[in-house]
> 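Right, I'll just put the structure down here and ask away after.
For reference, positions follow the sequence shown, starting with 1. Every value quoted in this text rests on a predicted model; they were computed, and no experiment measured them. In listed order, ligands and their atoms are each counted from 1.
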Amino acid sequence: MNNQQLWQAILGHLEVSLSKANFNTWLKNTYILDKTEDTITVSVPSTYHKDWISSKYNPEMLKALKGIAPEIKIIHYQIGSSVHKQEQNYTQNQTEQIPTENTYQPNKAGASTPQQINIPQTSNQNQSNLNPRYVFDSFIIGKNNELAHAAALAVAKNPGTQYNPLFIYGGVGLGKTHLMHAVANRLLADNPRAKVMYLTSEKFTNDYINAISSKRMEDFKQYYRTVDMLLVDDIQFIAGKESTQEEFFHTFNELRDKGRQIIITADRLPKEIPAIEQRLVSRFEWGMVADIGAPDLETRVAILHTKLSKKGVSLAEDIVYYIAENIQNNVRELEGALNKLLVFGEMENKEVTIEQAKNILQSMLNNKKKGITVRKIVSLVAEFYNVTGDDLIKQSRRQEFVKPRQIAMFIARQELASSFPSIGEFFGGRDHTTVMHAVEKIQKMLNEKESFKQEIDLIMDKLYTT
Ligand code: ADP
Ligand code: MG
């Protein structure tokens, strides 16, 4: 029996006695790293997993081992590397890159050397830029988004023809990014060689500035003006940046003239974006402008049901309605509330009652953002990864500090919407581009690895409950 078979056999024993959700949260991304005469070393995703598994499941595992490999008396747990063996097995025939901590070297804070511009060279990299879970199939259609959805579908079927550009606008967490990725994912499914570029307007600005300072303007133009589909998320952040707007104007014109599809999202209508050139506004209105509003109750319930069935877990209907009635304006928060209840149920190892659900959600709604500071984020993340808060702020580039530091930056950006420079300032005066890079990198890992997402969810839970 090889290590993988041995581990499958042990997990098989545990699977019968655990709920599926519980099993997935704690054991799905584990594997045997090493086996000696009487010991196996098991890789687990985080310290949190390590503590939990060793205190809760160790006896059960040893019991299972008696029947399968009686010589093994000790199980060691080790926090895993980000390249996961099992996932390597799943993806070994693909060219997809799984990021490792080693691939990214943050810029030295305060260094004045020009930054490299980060222009992807192949379409494979474009693919990894997209969230594979953001597809049409997982997008629930309601009255609030049916126009945007229909337009997106039309664009996916006939890119570069009818609705160019497609401009989708609406509030935070309502599915703009999801829909935009769905179009690109569909295009790539139909035509894997298509060159798709997804980026935020902040990244466009940053790449443009770097291209100028490193005298690579030709590369920049060559890259952006030759894609088959350009997706620019949250264009409102281009406000006030005149030369970036100028460059974007030319990129836009050239792509559109060539019949390449452009999709843009914003939090408001083109003409309501302040400090943006009139000629851009009018171009944004050339194609199709579609809004996404807040979902109605039925749509919110449908979204919750879909998420539950995808996770393979059930939740009492009155609780589903309770969540849907209380979280109305943001699908991301709707998902967050659901996850929170599910994690609670897993920890307790029993069904959540409606009273518990009310308590948990009420405290979540009350606590939201209250008392959350960058300092608190840093200390929680540090605790989670067994390092100190200082380690995250100091200049050390040791690998064991780099990932938690990037995670803390990411959470600060996401939860507090702090600006990149102010986050950089907090983290020992680092450059804002370092923060941007960290946020992008973590987002990419979140998109690619479910186990990493669970890890971050655990940290978020702690953030809102302690
Ligand atoms: P936005 O870009 O508008 O801020 P996102 O596209 O990031 O919002 O969506 C936030 C979360 O909500 C994502 O996880 C997304 O999958 C989910 N979501 C939003 N709308 C829907 C929908 N109609 N159906 C399913 N999931 C949705
Ligand atoms: Mg978005």
> So, are Glu202 and Arg413 salt-bridged, with charged N and O less than 4.0 Å apart?
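Counted as a salt bridge, because a side-chain N and a carboxylate O are separated by less than 4.0 Å.
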
> Nearest 0.5 Å please: distance from the CG atom of Leu179 over to the CZ atom of Phe136.
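Reported value, rounded in 0.5 Å steps: 5.5 Å.
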
> Return yes when Gly171 approaches ligand 1 closer than 4.0 angstrom through a heavy atom, no otherwise.
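Under 4.0 Å: yes for Gly171.
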
> For ligand 1, is Lys307 a contact, meaning one of its heavy atoms is under 4.0 Å away?
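Distance cut 4.0 Å: Lys307 passes for ligand 1.
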
> Can you report which non-hydrogen protein atom sits closest to atom 7 (O) of ligand 1, along with the distance?
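Checked against all protein heavy atoms, atom 7 (O) of ligand 1 sits closest to Arg332 NH2, 2.7 Å.
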
> Starting from atom 13 (C) of ligand 1, what is the nearest protein heavy atom, named by residue and atom, and what distance separates them?
Tyr134 OH, 3.5 Å

> Which of the listed options, Val331, Leu334, Leu174, holds the heavy atom that is closest to atom 27 (C) of ligand 1?
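When every heavy atom of Val331, Leu334, Leu174 is considered, Val331 comes closest to atom 27 (C) of ligand 1.
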
> Check the surroundings of atom CD in Glu272: do more than 12 heavy atoms from other residues, nucleotides or ligands lie under 6.0 Å from it?
yes

> What protein heavy atom is closest to atom 23 (N) of ligand 1, reported as residue, atom name and distance in Å?
Ile140 O, 2.8 Å

> Could you check atom 2 (O) of ligand 1 against the protein and tell me its nearest heavy-atom contact, residue, atom and distance included?
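Of the protein heavy atoms, Thr177 OG1, 2.7 Å lies nearest.
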
> Just need the protein heavy atom nearest to atom 25 (C) of ligand 1, so name the residue and atom and give the distance.
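Ranked first by proximity to atom 25 (C) of ligand 1 is Ser138 O, 3.2 Å.
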
> State plainly whether the residues Arg279 and Glu246 are in salt-bridge range, i.e. N to O under 4.0 Å.
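So Arg279 pairs with Glu246 through a salt bridge.
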
> Is the distance from the Mg ion (ligand 2) to some N, O or S atom of Thr265 under 2.8 Å?
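Under 2.8 Å: Thr265 has no N, O or S contact with the Mg ion (ligand 2).
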
> Decide, yes or no, whether a salt bridge links Arg186 with Asp190 under the criterion of side-chain N to carboxylate O below 4.0 Å.
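Not counted as a salt bridge, because no side-chain N and carboxylate O are separated by less than 4.0 Å.
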
> For Gly175, take its heavy atoms, then give the atoms of ligand 1 lying under 4.0 Å from any of them.
1 (P), 3 (O), 5 (P), 6 (O), 8 (O), 9 (O), 19 (C), 20 (N)

> What are the atoms of ligand 1, with element, lying closer than 4.0 Å to any heavy atom of Val172?
4 (O)

> Need the ligand 1 atom indices (1-based, order shown) with element for anything under 4.0 Å from a heavy-atom of Asn145.
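In order of number, 23 (N).
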
> How does Glu335 reach ligand 1, by side chain, by backbone, by both or by neither, if only non-hydrogen atoms under 4.0 Å count?
side chain

> May I ask you to decide if the ring planes of Phe220 and Tyr224 are parallel, tilted or perpendicular, using 30° and 60° as cut-offs?
tilted

> Tell me whether the guanidinium CZ or amine NZ of Lys203 lies under 6.0 angstrom from the six-membered ring centre of Tyr198 and within 45° of its axis.
no

> If you define the side chain from C-beta out and look only at heavy atoms, does anything of Val439 sit under 4.5 Å from Phe420?
yes

> Would Phe139 count as being in polar contact with ligand 1, using the rule that some N or O on each side must be under 3.5 angstrom apart?
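No, there is no polar N/O contact under 3.5 Å.
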
> So which heavy atom in the protein is nearest atom 4 (O) of ligand 1, and how far is it from that ligand atom?
Gly173 N, 2.7 Å

> Can you tell me how the ring of Phe139 sits relative to the ring of His149, calling it parallel under 30°, perpendicular over 60° and tilted otherwise?
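It falls in the parallel class, under 30°.
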
> Could you tell me, atom by atom, which parts of ligand 1 come under 4.0 Å of a heavy atom of His178?
6 (O), 15 (C), 16 (O)

> Under 4.0 Å between a side-chain nitrogen and a carboxylate oxygen: does that hold for Lys403 and Glu455?
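Yes, charged N to carboxylate O under 4.0 Å.
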
